[in-house]
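Data first, discussion second: the structure below is written as structure tokens.
Here is the naming used below: chain letters follow the sequence lines, and residue numbers restart at 1 for every chain.
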2 protein chains.
Amino acid sequence: MSRTGPRFVPAVLVGLALSRLAAAQSDPLPSWNDGPAKQAITRFVADTTKEGSPKFVPPAERIAVFDNDGTLWAEQPLYFQLLFGLDRIKVLAPQHPEWKTTEPFKSILEGHAEQALAQGDKAILEVMMVSHAGMTTDQFNDTVRKWLETAKHPKFQRLFTDLTYQPMLELLTYLRAQGFKTFIVSGGGVEFMRVFAERVYGIPPEQVIGSSGVLKFEMRDGKPVLVKEPKIEFIDDKAGKPAGIQRFIGRPDPRVRQLGRRSADARVDCCRQRCALHGNRASHRRATRVGIRPPVEDRYVEYRVG
Amino acid sequence: MSRTGPRFVPAVLVGLALSRLAAAQSDPLPSWNDGPAKQAITRFVADTTKEGSPKFVPPAERIAVFDNDGTLWAEQPLYFQLLFGLDRIKVLAPQHPEWKTTEPFKSILEGHAEQALAQGDKAILEVMMVSHAGMTTDQFNDTVRKWLETAKHPKFQRLFTDLTYQPMLELLTYLRAQGFKTFIVSGGGVEFMRVFAERVYGIPPEQVIGSSGVLKFEMRDGKPVLVKEPKIEFIDDKAGKPAGIQRFIGRPDPRVRQLGRRSADARVDCCRQRCALHGNRASHRRATRVGIRPPVEDRYVEYRVG
């Protein structure tokens, strides 16, 4: 074999590797298949960010809102926040001997959480109230932070904050690079999500919109605190979502649309391999349909798993 | 006279003018007197923005909140939003013949607004509900916008959006240039303030926190709308202010303080000439005391007229 052979082959390989690297670097959404949803996203961004385009949106008005559960992170077998609530019941049980004989706590403490939650919305609400209220916002933040640092997902045995969707993280980064402010608009508890949203998604607390309980201002030991009361203030779900967007974002020309799960108008397979890694089966099935609603006309865009 | 004289004198004048121009350009707060408040502000900014300083705040966490009435714009003889409400009563009167004989409307329509409002909080609330509810958010925005474009302040005979405090506008610009997000946290109505806050103060709608009514999602002629209901959702005043800051901004380590009018801990004369131009006598008296609370320790800082 002459010396030109081996020299020639590595050069080709290096060339191939460099060209793949260049493609990856130039594609801001490498985990997305080339399909109609990816095309709609990149077209939407091109239309709204190009000066002179009829759909141009000035940088200050570029806002994109995302659901969280089942969209940015997984939500099976139960909403992660509900799993947090169930864990808290176990931690708090020694202070509540009466729970041994009171539902839904009895079933939860005996390891039958599904049976407990099958008792209906009232049971779920009771779990959430007991686990989320009666403490200051700082105490709650600390509790959630510690839980997220140690608790493992029942199936994947990984931290909950690992169970995010890579394609959606790329989408967040891509939109921010194009001047969009990224917001979460979720039925989840606003204080629960804010603990991890900045670190995990790059979404600062002031851009997280969620459900909330009433807060009571108090002085404790000469220091001001806000106590989380067991009283619902706002449910950021269904018809509450456009109201939440108006309340927190409130641009005068919002063209907000009702945000339903079932009317996604664009579909695409996201990268199956990464979804399978980061989600679970049920969430994966849903993650394969990514709805862009509306694709180009609105300033508030919800990219959601439909 | 030799030619050197005239040449020499203008050179001195030009030199003086240039040096004043340079001073103005280098001073981000030219309307502020050199006093303890200005010093506290510039020291606060230096401490929080210099990397390595023990009080350094990362750019993403730099947030400054401002009251609006009597702080960013004037509030005498009545809150401007209440003057808007009174004007609306007159516009809506033809559709409400019963108001001719019903208080507080009767007194308002007969030109005795102060007499009407002296009837107490219930009368004021009634004026606000009638003038602010029963329409969509878009309709309300349009109504406020048109009013602001034409209505004149009863004493100064100028547009209300002209009656802002120049020193505070400089402070907003200065803080933003240093990486702070500037928020309004006011007892005023959130939708009322958002109509002008971006244009007048450079504060985008999503950074305006205020009092709000319940919003109802509806479809009208196939289009989604949000209807403002005559029902209070949240009063962003007194103990409601720290709750509002937590609800809308919600950083895990907020160190929010109770925001009272009477405990300003720093004073300074702002530029009297400009205050006199932009405010009125009562607001001017108050604008001469600018409280910085707390001056250096907190990430949420309220610069307020005390």
Region of [X] in contact with chain A, defined by heavy-atom distances below 4.5 Å:
X	value
F183(B)	side chain
E191(B)	side chain
K181(B)	side chain

Worksheet item: Does the ring centre of F180(A) sit less than 6.0 Å away from the ring centre of F44(A)?
Response: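 Centroid separation for F44(A) and F180(A): below 6.0 Å.
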Worksheet item: With sequence neighbours left out, what residues match S212(A) under side chain to side chain donor-acceptor pair (under 3.5 Å)?
Response: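 Once residues adjacent in sequence are excluded, the partners of S212(A) under the side chain to side chain donor-acceptor pair (under 3.5 Å) criterion are E233(A), R247(B).
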Practice prompt. Give me the ring orientation class for W147(B) and F84(B): parallel if the planes are under 30° apart, tilted from 30 to 60°, perpendicular past 60°.
Written response: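 Judged by the thresholds at 30° and 60°, the geometry between W147(B) and F84(B) is perpendicular.
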Discussion item. Need one label for Q207(A): side chain, backbone, both or neither, based on atoms under 4.5 Å from any heavy atom in chain B.
Written reply: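 Answer is side chain: those atoms of Q207(A) sit under 4.5 Å from chain B.
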Worksheet item: Can you name the side-chain contact (heavy atoms from CB on, under 4.5 Å) partners of M128(B), sequence neighbours left out?
Response: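 Residues passing side-chain contact (heavy atoms from CB on, under 4.5 Å) with M128(B): Q81(B), L82(B), I124(B), H132(B).
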